[in-house]
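One structure below.
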2 protein chains.
Amino acid sequence: MQEKLDAIDREILKILEKDAKTIAKDIAEHLGLTKTPVYERIRRLEQEGFIQNYSAIINKDKVEQSITVFSFVSLEAQKGHLMDDFLNQVKQLDEVTECFVVGGEFDFLLKVIVKDLDAYYSFAKSKIASLPNIGAVKSAFVLKEVKNENTFPLL
Amino acid sequence: MQEKLDAIDREILKILEKDAKTIAKDIAEHLGLTKTPVYERIRRLEQEGFIQNYSAIINKDKVEQSITVFSFVSLEAQKGHLMDDFLNQVKQLDEVTECFVVGGEFDFLLKVIVKDLDAYYSFAKSKIASLPNIGAVKSAFVLKEVKNENTFPLL
DNA sequence: ACTGAAACCGGTACACC
DNA sequence: GGTGTACCGGTTTCAGT
């Protein structure tokens, strides 16, 4: 369990990040190896948690109409337990696909996906602004997705 | 090519979104079907583009140290071709994993992943602020990732 | 650590309902 | 649109280097 990655491991990660269905033989050829070491490395990457899981990436525009909104939330008082309360509530919400604690003008940044503006209004009013200790909530509505990689930039 | 999803399709999407390696037999049992229709539906979901691709989700904290920063960028003049120029430049940058055109106080929201604060400083200075027509650039540094699903909320 | 071959099992095709 | 069977190919194992 050496917990470190060499150039081959990183190349494998890059390939699987782009297309998890790439077959071991092709990866092997690309690397000038045979399938076995490729497979062993992949298993190691999985077992040691470098690869968390495999996911089907869904084209959300095709599945159903939706809008994406970034919400910037500030608390009135940054007491530790109030922050935790807020975060525990927020992370349960299906509409909130991402939530980060940030430094800057506001405390939390949320990425919210909802059906339409109406749904966002309800969401912001009843699920965010109604939580205790909320200061300000600002919103930035996504007009266009220019780039949206869920991948980590391995160079 | 009917381009519409029934409840079974959506359930399959939800399962594959969570774990793309779920075997057809298990999906079939969960749905009370056999492998064949499950396989046919998956193929249809792939071919019609509901599933864009499959991706290995990488644990970025294990692979290497990095920080995530949200950058909020405003242009000085919102002329159409200047926006396009900006976006075409920005989307090439490996550090920029996400880029959205948004409505609100600023024009673009970028998610940036870099090694450290130093790297972010260089990035902001030489790759963003140096582009023509840039107005303001504000940054929110991620202190903690509370939730980070790359998944579309299928209910 | 990698090679090469063999075994296993899930994905895929097909005949039928 | 579904079932059950049979085949094929990729994954996984293993003996040898």
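Every chain is numbered from 1 and lettered A, B, ... according to where its sequence line falls, protein lines coming before strand lines.
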Protein-proximity profile, nucleotides 3-8 of chain D, B/S/- by nucleotide at the 4.0 Å heavy-atom cutoff, equals BB----
What integer distance in Å separates [X]:[atom1] from [N]:[atom2]?
X: I12(A); N: dC2(C); atom1: CD1; atom2: C1'; result: 13 Å
X: D19(A); N: dG10(D); atom1: CG; atom2: P; result: 14 Å
X: I23(A); N: dT12(D); atom1: CD1; atom2: P; result: 13 Å
X: E29(B); N: dG10(C); atom1: CD; atom2: P; result: 11 Å
X: R43(A); N: dC14(D); atom1: CZ; atom2: P; result: 10 Å
X: Y39(A); N: dC14(D); atom1: OH; atom2: P; result: 10 Å
X: I42(B); N: dA13(C); atom1: CD1; atom2: P; result: 13 Å
X: I27(A); N: dG10(D); atom1: CD1; atom2: P; result: 13 Å

Tightest non-hydrogen contact, residues V114(B) and A119(B), listed as CB-CB, 3.9 Å
Sequence neighbours excluded, the answer for salt bridge (charged side-chain N to carboxylate O under 4.0 Å, His left out) partners of R43(A) is none
Sorted by chain and residue number, the salt bridge (charged side-chain N to carboxylate O under 4.0 Å, His left out) partners of E105(A) (sequence neighbours excluded) come out as K138(B)
Run the ring-ring contact (aromatic ring centres under 6.0 Å, His included) test against [X] and tell me which residues pass, sequence neighbours left out.
X: F86(B); answer: F108(B)
X: Y121(B); answer: none
X: F70(A); answer: F100(B)

May I have the list of side-chain donor-acceptor pairs in residues 24-40 of chain A shorter than 3.5 Å, sequence neighbours left out?
unit_1 : atom_1 : unit_2 : atom_2 : d
H30(A) : NE2    : E11(A) : OE2    : 3.1

Checking dT11(D), dA1(C), dT12(D) against the side chain of R41(A) (C-beta onward), the nearest is dA1(C)
Within the 3.5 Å criterion, strictly below it, is a donor on S139(A) or Y120(A) matched to an acceptor on the partner's side chain? yes
Between its two end axes (five pairs each) the helix from dA1(C)-dT17(D) to dC17(C)-dG1(D) turns, nearest 10 degrees, through 20°
Acceptor/donor pairs from residues 144-155 of chain B side chains to any protein atom, 3.5 angstrom cut, sequence neighbours excluded:
unit_1  : atom_1 : unit_2  : atom_2 : d
E145(B) : OE1    : N148(B) : ND2    : 3.2
E145(B) : OE2    : K60(B)  : NZ     : 2.2
K147(B) : NZ     : K91(A)  : O      : 2.9
K147(B) : NZ     : L93(A)  : O      : 3.0
K147(B) : NZ     : V96(A)  : O      : 3.0

